[in-house]
Amino acid sequence: MTPLLLLMFLLVAAGGTVVVSTQDPKRQAVTLSVYGVLLALLFLLLQAPDVALSQVAVGTAVVPLMVLLAVRKVRGGKR
Amino acid sequence: MSVFPYLVAAWLLLVGCFGVVRSRDLVHTVVCVAVAQSGTYVLLLSVGYQKGASAPVQGAPGPVVDPVVQALTLTDIVVSATVTALLLALVIQIAKREDTVDADKLDELRG
Amino acid sequence: MDPAWLPPLGIAVPLLGSCVLLAVARFAPRVVTDVIAIATALISTAAMAGLLVATTSNRVVTWAGGWTPTQNLTVGIVLQADQIGAGFALLACVLTVCALIYTWRYFEDAGAHVPVLILLFMAGMTGFSLTADLFNLFVFLELMGATAYALTGHKIEEPRSVQGGFTFGVVTSLGAYFMLAGIGILYARTGRLGMPQIGSALDGHGMDALVLLAMVLVLTGLLVKAAIVPFHFWLADAHAVAPTPVCVLFSGVMAPLGIYGTMRVTTTVFGGVLPPSTLHHTLVLLGVVTAVLGAVLSLIQRHLKRMLAYSTIAHLGLFLVGMATLTANGVAGSVVYVLGHAGVKGALFLLVGALLARKGNVDEISLYRQGTNDGLTRWLFPLAALALAGLPPFGTGLGKAISEEATGSPWLIGTFVLVSAATGGAVLRASLRIHFGLGPQPYEADRDTTSGDDEKPEGRFPHRTPATMLTAILVLLTGGLLVGVLPVISRIIGDGAQRFLDRQGFIEQTLYSYEPVRLAELSHVEWNWAAVLLGLLSVLLAVAIALIGVFRGVPQWLDKPLHVVHRLHSGHVGDYVAWLVLGIAALAALFSLS
Amino acid sequence: MTRQVRWVVFWLGAAGFGVLAVLAMIRMPGFGSLVHPYRDLAVPLANARSTPNVVSALNFDQRALDTLIEETILLGSVVGAAALLRPSDHEREHLATEEGRTLEATRLLGYLLLPMTLMVGIDVVVHGHLTPGGGFQGGVVLATGVHLLYVAGSYRTLQKLRPLAWYRLAEALGAGAFVVLGLLGLLVAGGFLVNFLPYGTSGDLFSSGTVVLLNIAVGIEVASGVIVLLAQFLAQALTVQEIR
């Protein structure tokens, strides 16, 4: 395993942990988005450009956007 | 060292479950479920990796990595996004009905 | 027509039907969308009935995309139908037709959301019954899951409904992801995805920690669907809140499909590396615990739909015990039981739905003496309750008796009798109070459990039960009766059970297109005196339990232990996921110890 | 259950799972191994059908049934989310005031990016059988592109340029087209989802048989599906309000 791959795996493991331990969902949307980028980079290194493209489109754009909109609605309801 | 990627995958699955168990906010719960699922992406793609092989596209010279797991992961990603959307939709409705998204304060269903 | 066309049609027809529905929903009046939905379900039913007939002579093997293997190697996905698989697919279609008839002009629903979701759900169930590819199985599982969460939470006005849907979604999704991880590990070991391919590849390797982990993970996903302890928590929360016709599908076929998947995978994929005695002991233990816990919880409910849901958990445990005998008789008995149970339990859910539509309440205590003026339903309710306990000649009674005989152990027979009596007794108790006003006015002491008071009525029919609802109830109850009465059904299932367990034939026919050897031993799936007597014993016990419940109530000394059981079922998604993780570890421990 | 009990249950399970996972994973084939039997079957078959992107060959030809069901899951989820997020009896849609002001530069950037994103999306869809990407990835890019309007202009502009009924129709038609192509395979070539069209020359736009058509069908379905899905969430966050 190349050092670069090793580093990427470590970053992904750490990234997932950070997303889980971010308590505030609004900030979690941001960490989730960053985590999505990390995953996409790992997939590129693993020679999976198709998957990386999907991950960028879904994991860093659509899903975090939905999370943000949900947080906005949920918080708005609590006021 | 060659088991490390698989352990990362197992870690992500477990840490996602940990997050769900600890969560005090249902939106947070949904994101943790998504993190758990990302463990399966890492597992699948690691299984299909081959040292020195290139991406399975465009008649690449030499060996290519396993395209099957990539096809499976693509499906997996779609499933993840759709499940996340449905769960978030449910959370929005829970927030409207109950004025809280803290699982500890929801006790409509018990016994 | 080549029977190999039928399995893909069972999947494609509902998909096409739901696309048409979605496209026309904007312009077409309500009647048109209802007709399209029912017609689609009927066409699928016909296709699956044809498939069942075709499987009586042989397995039907279809390679999607035309990728028939050459020298047992292929890249394609295989669909394989035997009598049991085709039977489950047919059951899913028939119940869908009943659910759609029941919902005739029932939901106020502009976009035809509900019929579309129900049709997609049906496609997921038929595909799940017919596929013999492990990843494809996961995909169908997710299709069933995604549509089911949405259907569960459909009554967005009700806090319980959306909560039940959410818990259901989180727990079954996580279960499915663990299953996918297991599939990934199997792929790493064998480089295959089809069940026959993985099965024959594993035979050479033997069992080790890696295969054990893969097996436990794959089974986790399936056992969560099957609501086996400790993966059962979500079921009551989801069933209690889903729209009534959807409950019919959940209880009647979706949860039993989890058992079917468990058996399909353990026998074909792991049949060569897993000693049958290990599998037998583990599954019997899981089944008995599930059955007993489900029966106890069913007895202590006052919310009628939750009562029925816990009774489903109890029956799922019994189905698993029957299957775990790994004999043709046991499997046949379980499948007959599943079919009879689908009819009877479906009818009971719809009867509760009719109560809800008229009184706006599903609480046993609040409804005391409220149903004394009901017409036909007043008599159908206790009849269905007795059928649930195993009244001959209902299919439940026949299936229970054959399973009991197959286990051959007095302890297990006792479990079957007591558990079925308890679930039937619980429902009968409710009916005696509601429809016949027996016993003293029940008092409100129990604060541990959810009451059925705050449910919103589904549809508005205060005066009488509409004919469509009554039709669906009668069709289901008659179906449950016919399963026990028509010898042709039990004969097909008996033959199918042998083929279901014939692993060698399954692999040879799918991969090498060998003609199967005609199996000699025929299972005896029919009524005999012992079966009738055991059925009557369960019914008597059920009546006794119901009468004790009505006149005496729960004894004081049970309060404390029941309180603990209640508190375990907390409705908290974190609790359920903690149990899920513990369940994985426990499953692995059970398999490696026995 | 109290939090304490919950944690005991979880940690017991996690410890068991962890031990088993470590014991099992050391028996996995090493990372980067050379043995991939399924790949060795799939790659030559993909090349024989003029599909250089083997992942697309797997998704739309060899294991097309998986993708059909995957797209059905998407369809079901969009319908499900629409059902769950419908305005209830006590709610109505109401857009109060325009939210803040967008900077002119942002607005310009959005309008410039929009056509580019749409071009990229279409490109990714139609070349799915040749280059990385395909119907799903391109569809999501297209859907995201349309939402640049929200960044650039306003929610009102987005609403005007986003006739949701049409997207719902397009979604149903895209999903239906996949099924119909599969059924045509059954009628023409005797098998569901058979790739029954001529494979053409590798590298051409119109090659690889039905793969390119299925990619386009999925592209239409995903793009409209994701637009409808995001529209539900946007509506909830911005316009749906309880009547007090």
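Letters A, B, ... mirror the listed sequences (proteins, then strands); counts begin at 1.
- Ranking D/Leu75, D/Leu186, D/Leu193 against chain C, the residue ahead of the rest is D/Leu186, based on heavy-atom pairs under 4.5 Å.
- With a 4.5 angstrom heavy-atom cutoff, C/Leu9 touches chain D only via side-chain atoms.
- Looking at D/Ser77, only its side chain comes within 4.5 Å of chain C, counting heavy atoms on both sides.
- Checking side-chain atoms of D/Ser207 against main-chain N and O of D/Ser202 turns up no donor-acceptor pair under 3.5 Å.
- When heavy atoms are compared at a cutoff of 4.5 Å, D/Leu183 approaches chain C solely by way of its side chain, counted from C-beta outward.
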Query raised in the report: Going through the checks in order, is the side-chain contact (heavy atoms from CB on, under 4.5 Å) test met by C/Arg192 and C/Leu73?
Result: CA-CA 10 Å; C/Arg192 302 268 181 268; C/Leu73 292 176; 3.5 Å; yes
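- A search for side-chain hydrogen bond (donor to acceptor under 3.5 Å, both in side chains) contacts involving D/Tyr167 returns nothing, not counting sequence neighbours.
- For D/Leu23, the parts lying near chain C are the backbone and the side chain together; criterion is any non-hydrogen pair under 4.5 Å.
- Contact annotation for D/Leu65: both backbone and side-chain heavy atoms come within less than 4.5 Å of a heavy atom of chain C.
- For the options D/Leu169, D/Leu20, D/Leu85, heavy-atom pairs under 4.5 Å to chain C are most numerous at D/Leu20.
- Interface residue C/Ala188: backbone and side-chain heavy atoms are both found under 4.5 Å from chain D.
- When D/Gly16, D/Gly80, D/Ala21, D/Gly185 are compared by the number of non-hydrogen pairs under 4.5 Å with chain C, D/Gly80 comes out ahead.
- For the options D/Glu171, D/Arg49, D/Glu70, heavy-atom pairs under 4.5 Å to chain C are most numerous at D/Arg49.
- For chain D, the nearby part of C/Phe178 is the side chain; its heavy atoms alone come within less than 4.5 Å.
- Heavy atoms of C/Leu217 lying under 4.5 Å from chain D belong exclusively to its side chain.
- With a threshold of 4.5 angstrom between heavy atoms, C/Thr62 does not approach chain D through any atom at all.
- No donor-acceptor pair closer than 3.5 Å links the side chain of D/Ser56 to the backbone N or O of D/Val54.
- Heavy atoms closer than 4.5 Å to chain D are found in the side chain of C/Tyr187, but not in its backbone.
- For C/Trp67, the part sitting under 4.5 Å from any heavy atom of chain D is the side chain, from C-beta outward, and nothing else.
- Taking the six-membered ring for Trp and the full ring otherwise, C/Phe128 and C/Phe140 have centroids separated by 6.0 Å or more.
- If you tally non-hydrogen atom pairs under 4.5 Å between each of C/Ala578, C/Gly76, C/Ala150 and chain D, the highest count goes to C/Ala578.
- With ring centers used as reference points, C/Phe233 lies under 6.0 Å from C/His569.
- Residue contact with chain D, scored on non-hydrogen atoms closer than 4.5 Å, is absent for C/Leu580.
- Both the backbone and the side chain of D/Pro37 come within less than 4.5 Å of a heavy atom in chain C.
- Annotation: side chain of C/Ser44 is not in contact with side chain of C/Thr126 (no heavy-atom distance under 4.5 Å).
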**Report entry** Step-by-step salt bridge (Lys or Arg N to Asp or Glu O under 4.0 Å) determination, D/Arg3 to C/Asp575
**Finding:** CA-CA 9 Å; D/Arg3 284 188 86 76; C/Asp575 287 354; over 6 Å; no
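- Heavy atoms closer than 4.5 Å to chain D are found in the backbone of C/Thr74, but not in its side chain.
- A donor-acceptor distance shorter than 3.5 angstrom exists from the side chain of D/Thr67 to the backbone of D/Asn59, with no hydrogens or angles considered.
- By number of non-hydrogen pairs under 4.5 angstrom with chain C, the leading residue of D/Leu41, D/Ile26, D/Val35, D/Thr2 is D/Leu41.
- Looking at D/Arg168, the atoms closer than 4.5 Å to chain C (heavy atoms on both sides) all sit in the side chain, from C-beta outward.
- The candidate with the highest count of non-hydrogen atom pairs below 4.5 Å against chain C, out of D/Ala172, D/Ala170, D/Gly191, is D/Ala172.
- Looking at C/Asp133, only its side chain comes within 4.5 Å of chain D, counting heavy atoms on both sides.
- Between the CZ atom in C/Arg189 and the CE atom in D/Met28 there is a gap of 9.5 Å [rounded to 0.5 Å].
- Residue contact with chain D, scored on non-hydrogen atoms closer than 4.5 Å, involves the backbone and the side chain of C/Leu143 alike.
- Under a 3.5 Å cut-off, the side chain of D/Asp204 and the backbone N or O of D/Phe206 do not form any donor-acceptor pair.
- Aromatic ring orientation, C/Phe138 versus C/Phe135: tilted (interplanar angle from 30° to 60°).
- For C/Thr131, the side-chain hydrogen bond (donor to acceptor under 3.5 Å, both in side chains) partners are C/Asn136, not counting sequence neighbours.
- Looking at D/Asp61, the atoms closer than 4.5 Å to chain C (heavy atoms on both sides) sit in the backbone and in the side chain alike.
- Under the 3.5 Å distance criterion, the side-chain polar atoms of C/Arg567 are left unmatched by any main-chain donor or acceptor of C/Val564.
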Query raised in the report: Which is it for C/Ser173 and C/Tyr149 under the side-chain hydrogen bond (donor to acceptor under 3.5 Å, both in side chains) test, yes or no, and what are the steps along the way?
Result: CA-CA 10 Å; C/Ser173 299; C/Tyr149 318 148; 3.0 Å; yes
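- Looking at C/Ile584, the atoms closer than 4.5 Å to chain D (heavy atoms on both sides) all sit in the side chain, from C-beta outward.
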